[in-house]
Enquirer: 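First the structure, which I've put down as structure tokens, then a few questions once you've had a look.
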Amino acid sequence: MATPVEEVKARLDAVEYIGRDVRLQRAGRNWKGLCPFHNEKTPSFFVFPDRGSFKCFGCGEGGDLLTFVMRRNRIEFPDALDELAREAGIEIQRGPADPERRGRQNAMLGLLGEAQKFLHRQLLESPAAEEARVYVKTRGLADATVTKFGLGYARSSGSPLLTHLRTLGFEVGAIEAAGLARSDERGVRDYLFDRLIFPIWNRSGAVVGFGGRTLRDIEPKYLNTRDSEVFTKGHLLYGYHLARDAIREEQTAVIVEGYMDVIAAHEAGFTNTVASMGTSLTQQQARMLTTSGASRVVIALDADAAGAAAARRGLDVVREAGDYESGTTVDVRGLVRHEDRLTTDIGIAELPVGDDPDSLVRSKPQRWRDLIANPTPLADFAFRWAGNQHDLIGLSGRRAAMRELLPIVAEISDAVVRAHYFSRLSELSGVPADELRRMAARDGRRGAPRAAARDMRPPSPETSMVMDRLEEGLLRCVARSGASDIDLISRLDPALLTDPAARHIMARIVAEARENAELDWDRIAATLDPMSQQRLAAVLERATETPGGDASLSVELQFATLRLRERLLNAELEETRLAADGDATEPITARRQELISEMDSVHRAKLELIGARSFAAG
């Protein structure tokens, strides 16, 4: 589901809208005219329909439709969004978060917490749970592990959980809404019965749902409580709140499939392990890892055909959620090419046939350690998978394999390694390596799988809270700052943020820093519209999960600023290329050279900061 800003941009045509104020004429694939923001006789104002943006190479003004309206009308983001929303026929919901819904969620979390305590006591104390206790012992779980993971037991007869919760004063409807009871012709009864119970937690460690493993030879082997107002299975990772610190410290996350895989790994000391809970890995799950300090992600699924297929799907999901570093190259014709390189290291731990993570960790922990330390690289696994899935003798099979592998190869960050895989892909497809590189540049900056993954994202009720990762990263750094950083914050340039909403928030923060000795977040929030207040609250909440210490905060702020500056320069370089397609005038050529020079300066500054970060870490 698109955010209000994205929906407005999608519905309005930049050429048609801006053309009401500027007399535009076609220039290749783009449009140009006299800039409305400064006096000029020769057109240097361009509109790029494919990007929905504008740029004046005379005065430097540029941005999206929202920026155009803000600059033209001299208004701020909320008013500009209102104007464009009316134009697009979109209603913007600006009200504060629904207090009634928040109240229901808090009550549900309290109910689920009471349920977990009751089910845990059942496992430890109830005579009916003897078989479950024996099973736990045969799986080798220590008492401390049972307590740490809060394991429980749901009895095979009656509805003791329902009875207990009603005794505590919870209504039947609330118990059903939490997924703990169901109604049928026999009445209301417990949803889970005769199962070993695994509590499922949210990021903060609050119980939001349960998974149950049958103790009989029946299907389904595992059963989860239904999604609710506080629980969406595909948005959470099992064991995340227990693994988060280890992921940050080791900068590595290991993804397994099931509850017992996680528990066995943690019990053996591999505490950076989480599980997708039997579902295909989702974008929300992958993002939890890449935003929590994991620069390396290892997928470790069962050694069977289903596990291999899930691992292959997981590769594209993690790629989509991974960190990318933007860069540019200039070809022999002097054209600037943009390239995104995947900096998140992704690998597959290929388990021995017949093993799953649980059994391997318990029987051969050193083998598990070696597999996690030296997994199969993403590209190697993808090449082998493509070879098995496509008929590489026929032309159509080679073409399909090439299309599948090309974006993966193009994203490899190391130039030598990338050249190696381009050679492999050339041998596989019969297409010269240089032509493959040109195809990768034409096909888009991050390849079809990333675009496809974006299109497949499920709607989220919190879509309006989604921010660009680099821009939110800078805001998080600012949120963690103290009085000693106030001067640096006062000199930040809100224009570095391309998201109008994020830029609006940053402008308020910078104004606060320039006027006061420290940041008062309540005072800042009071100057924002309700939607921006919600986004600021989300940033402040997530800032507590951001890895890194206060000692390096100044360096992190500068580094985040440089990355945003680098991205803006890349975007403007792309605009000079687009503008040159229809009008290679001297100002555009001169500006391109200036941008390349500025890019070099940013790269040098980043290298200096990387050295400072390494020194601070040492």
Side-chain angles (χ1 to χ4, degrees), residues 93 95-126 128-129 132 149-214 220 222-241 259 277-279 284 458-465 534 537-538 541:
Q93 297 294 333
D98 183 353
E100 183 177 339
R101 182 170 183 266
R102 174 58 62 187
R104 290 198 307 270
Q105 290 175 332
N106 289 336
M108 186 175 290
L109 291 175
L111 184 156
L112 290 161
E114 291 294 339
Q116 189 274 323
K117 289 188 284 187
F118 175 80
L119 295 170
H120 184 57
R121 287 198 304 271
Q122 289 284 298
L123 177 63
L124 299 182
E125 302 170 3
S126 173
F149 284 88
L151 303 188
Y153 174 68
R155 287 171 56 176
S156 60
S157 60
S159 293
L161 177 59
L162 176 63
T163 301
H164 173 72
L165 292 174
R166 293 189 67 180
T167 300
L168 294 178
F170 292 104
E171 298 290 339
V172 171
I175 300 170
E176 284 191 86
L180 300 179
R182 56 182 165 183
S183 302
D184 56 25
E185 64 278 1
R186 292 180 290 176
V188 183
R189 55 200 173 98
D190 284 352
Y191 182 73
L192 297 171
F193 58 92
D194 197 23
R195 290 178 182 267
L196 182 67
I197 299 299
F198 302 86
I200 300 169
W201 308 270
N202 62 15
R203 289 169 174 257
S204 304
V207 176
V208 293
F210 296 92
R213 187 197 190 283
T214 181
Y222 284 92
L223 180 65
N224 295 309
T225 51
R226 301 182 299 276
D227 285 0
S228 69
E229 281 196 291
V230 299
F231 174 47
T232 302
K233 184 180 176 185
H235 290 190
L236 297 174
L237 290 162
Y238 180 70
Y240 173 80
H241 77 295
Y259 305 115
M277 295 185 287
T279 61
Q284 290 83 358
S460 166
E462 299 181 2
T463 313
S464 61
M465 296 298 104
Q534 293 178 48
E541 180 179 351

Enquirer: Donor-acceptor pair, distance only, cut-off 3.5 Å: does the side chain of Thr232 make one with the backbone of Gly234?
Expert: no
Enquirer: With sequence neighbours excluded, tell me which residues meet side chain to side chain donor-acceptor pair (under 3.5 Å) with Tyr238.
Expert: none
Enquirer: Once rounded to the nearest 0.5 Å, what's the spacing between atom NE2 of His241 and atom CG of Leu236?
Expert: 11.5 Å
Enquirer: Among residues at least two apart in sequence or on other chains, which ones pass salt bridge (Lys or Arg N to Asp or Glu O under 4.0 Å) with Glu125?
Expert: none
Enquirer: Measure the spacing between CZ of Phe198 and CG of Leu192 and express it to the nearest 0.5 Å.
Expert: 11.5 Å
Enquirer: Counting only pairs under 3.5 Å, give me each side-chain donor-acceptor contact of residues 154-167, with atom names and distances, residues two or more places apart or in other chains.
Expert:
from   : atom 1 : to     : atom 2 : distance (Å)
Ser159 : OG     : Asp190 : N      : 3.0
Thr163 : OG1    : Ser159 : O      : 3.0
Thr167 : OG1    : Thr163 : O      : 2.8

Enquirer: On a heavy-atom basis, which atom in Met108 and which in Ser228 lie closest, and how many Å separate them?
Expert: SD-OG, 3.6 Å
Enquirer: Roughly how far, to the nearest 0.5 Å, is CG of Asp227 from NZ of Lys233?
Expert: 9.0 Å
Enquirer: Side-chain contact test, heavy atoms from C-beta onward, threshold under 4.5 Å: evaluate it for Leu111 versus Leu180 and give yes or no.
Expert: yes
Enquirer: Give the minimum heavy-atom separation between Val188 and Ser183, together with the two atoms involved.
Expert: CG2-OG, 3.4 Å
Enquirer: Between Arg195 and Arg213, is there a side-chain heavy-atom distance shorter than 4.5 Å?
Expert: no
Enquirer: If you apply the rule side chain to side chain contact (heavy atoms under 4.5 Å, CB included), what do you find for Phe231 with Phe210, and how did you get there?
Expert: CA-CA 10 Å; Phe231 174 47; Phe210 296 92; over 6 Å; no
Enquirer: Looking at residues at least two apart in the chain, or sitting in another chain, which of them share a side-chain contact (heavy atoms from CB on, under 4.5 Å) with Ala206?
Expert: Leu109, Asn202
Enquirer: Would a 4.5 Å heavy-atom cut-off, applied to side chains only, mark Tyr259 and Phe149 as touching?
Expert: no
Enquirer: How long is the straight-line distance from OG1 of Thr225 back to CG of Leu112, given to the nearest 0.5 Å?
Expert: 7.5 Å
Enquirer: Side chain to side chain donor-acceptor pair (under 3.5 Å) with Asp194: which residues, sequence neighbours excluded?
Expert: Tyr153, Arg216
Enquirer: Considering only distance and modelled atom types, tabulate donor-acceptor pairs under 3.5 Å from the side chains of residues 116-123, sequence neighbours left out.
Expert:
from   : atom 1 : to     : atom 2 : distance (Å)
Gln116 : NE2    : Gly150 : O      : 3.1
Lys117 : NZ     : Glu114 : OE2    : 3.3
His120 : ND1    : Leu151 : O      : 2.6

Enquirer: Provide the full list of ring-ring contact (aromatic ring centres under 6.0 Å, His included) pairs with a residue in residues 165-193, sequence neighbours left out, each pair given once.
Expert: none
Enquirer: Tell me which pairs pass salt bridge (Lys or Arg N to Asp or Glu O under 4.0 Å) where either residue lies in residues 167-176, with sequence neighbours left out.
Expert: none
